[in-house]
Asker: 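Below is the structure I would like to discuss, written out as structure tokens.
Just so you know, residue 1 is the first one in the sequence shown, and it goes up from there. Every number for a ligand or one of its atoms is a count from 1 in the order of the listing.
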Amino acid sequence: MSFPNNFLWGAATASYQIEGAVEGGGRGKSIWDTFSHTPGKVYRGDTGDVACDHFHRLEEDLDLMAELGLGAYRFSVAWPRIQPEGSGAANKAGLDFYRRLVDGLRQRNIEPMPTLYHWDLPQTLEDRGGWTSRETSERFAEYAGIVYEALSDEAEFWITLNEPWVASWLGHEAGVHAPGRKSTNEALLATHHLLLGHGLATERMRSENREGNKLGITLSLSPVRASREKDEDAAKLVDGNVNRLYLDPLLRGEYPKDMVEHYRDVSDFGFVRDGDLEKISSPNDFLGVNFYMRHTVREDASTETASFPSVGARIVIPHNARKTAMGWPAEPDALAEILVRVNEDYGPIPIYITENGIAVHDYAGPDGKVNDIERVEYLDSHFRAAHDAMENGVDVRGYMVWSLLDNFEWAEGYSKRFGLVHVDYPTGKRTPKESFRWYSEVIERNGAEESS
Ligand code: FCB
């Protein structure tokens, strides 16, 4: 198994999950500060106040990336560090932090891959309606313009949004992510305004005319399978909700008809104004795919137990699938399946896998080492699946492992560890795991098999 010469091997993180220093450098409040400080929302009351303290340990973390041999590093920019109140002039200290990060990456020959929005919306914008309000799409484009103007000569790859499905549905319908709203109508509004924000930001960034730069968006995609024959309709609706509701407007310029029909009683999609879909579907240079699992589903009309209440379906774990510490099924062939499908239905389009990884109940042994063999197996099988997809014609150009560091796993707090590097939270001490050594060899050999 060998990958193309310029294949980009990387690792990913996100601002609120690693930075800490929530009041450092004039940062304003985000919806995740509010949410994590609300009792009962995050496991054990964990917050991102300190997280991995990456804000203060930037140099040390950059050195770890260099030691790992990364070709690219995907990080996100915290909007409330740049615009503490969500609009207006840039906060210099905030921009400086990301400038130091990008410079540090360049010095180490690591390609920066910034994501402009990984869920930490300025709280002031939430107070004015957040993503349920169209104004937020406009504010997002303004913010994107500020960051792009400042850093676009140093970073080639730009991602507007991370996983609009999660932000919309877990944040606005299930209420298990910030801002914790519980309304299907609001989840639809958020979906459209996030996508519109992507379109407007892309337009704003393109107007800077940075030739050679590549702009894209990252979606969380999951192939969907019916558990039994009678669950076929439910599976189609889940696919509509998690995949097509985003892929279709972005890559075809229309919302899927079955979804518009399905949500008829909740919304008439009157929030879609003339010209919106043209903006949303303006061409991207690549698609970012975050992959974690296939959804095997059963019909389930109960709002208590449904995993996707708005489409009446529940996730079941196939008997033959291993479960990760998140309780998610590990089925590597599902990665190849979704990549081939996206390429066939929406391609051809260059794809970067912008996240993939596994939570393991890691612990340091008596020798101080973290022997995370499950992570090595998981990554190895998923790299192979990506390679299979490439052999089937999919233009996969890079792979960002989630995550460089153990970090704040949203509603799960610090209880779930995804890192190649173990973080001891009380002291901040970093310990590269066995998977870190293994991955550095994969990068070094460009994926090729070890010669025996
Ligand atoms: C994705 C998120 C990322 C991380 C992984 C495990 O949905 O984008 O921040 O939490 O899941």
Asker: Can you spot which of Thr115, Asn290, Leu221 makes a side-chain contact (heavy atoms from CB on, under 4.5 Å) with Glu163?
Answerer: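 In the set Thr115, Asn290, Leu221, the residue that makes a side-chain contact (heavy atoms from CB on, under 4.5 Å) with Glu163 is Asn290.
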Asker: Test your reading of the structure: does Trp119 have an N or O sitting under 3.5 Å from an N or O of ligand 1?
Answerer: no
Asker: Relative to the heavy atoms of Asn162, which atoms of ligand 1 are at a distance of less than 4.0 Å?
Answerer: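 Contacts of ligand 1 toward Asn162, numbered from 1: 8 (O).
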Asker: With nothing but distance in play, are any N or O atoms of Trp402 less than 3.5 Å from an N or O of ligand 1?
Answerer: no
Asker: Check side chain to side chain donor-acceptor pair (under 3.5 Å) between Arg341 and all other residues, then give those that pass, not counting sequence neighbours.
Answerer: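 For Arg341, the residues satisfying side chain to side chain donor-acceptor pair (under 3.5 Å) (neighbours in sequence not counted) are Asp239, Asp345.
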Asker: Flag Trp410 as yes when one of its N or O atoms lies below 3.5 Å from any N or O atom of ligand 1, and as no otherwise.
Answerer: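 Yes, since at least one N or O of Trp410 sits under 3.5 Å from an N or O of ligand 1.
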Asker: Which is closest to atom 6 (C) of ligand 1 by heavy-atom distance: Met326, Glu412, Glu409?
Answerer: Glu409
Asker: Quick one: is the NZ or CZ of Arg252 closer than 6.0 Å to the six-membered ring centre of Tyr346, and within 45° of its axis?
Answerer: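 Geometry flag: set, cation within 6.0 Å and 45°.
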Asker: Under 4.0 Å from a heavy atom of His118: give me the atoms of ligand 1 that qualify, with their elements.
Answerer: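 Heavy-atom distances to His118 below 4.0 Å select 2 (C), 3 (C), 8 (O), 9 (O).
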Asker: Going by the side-chain contact (heavy atoms from CB on, under 4.5 Å) test, name the single residue among Tyr352, Phe157, Phe286, Phe3 that passes it with Arg397.
Answerer: Tyr352
Asker: Identify, by atom number and element, the atoms of ligand 1 in contact range of Phe418, meaning under 4.0 Å from any of its heavy atoms.
Answerer: 6 (C)
Asker: List in chain and number order the residues that pass side-chain contact (heavy atoms from CB on, under 4.5 Å) with Ala234, two or more places apart in sequence or in another chain; answer none if no residue qualifies.
Answerer: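 Per chain and number, Ala234 pairs via side-chain contact (heavy atoms from CB on, under 4.5 Å) with Glu299, Ala313.
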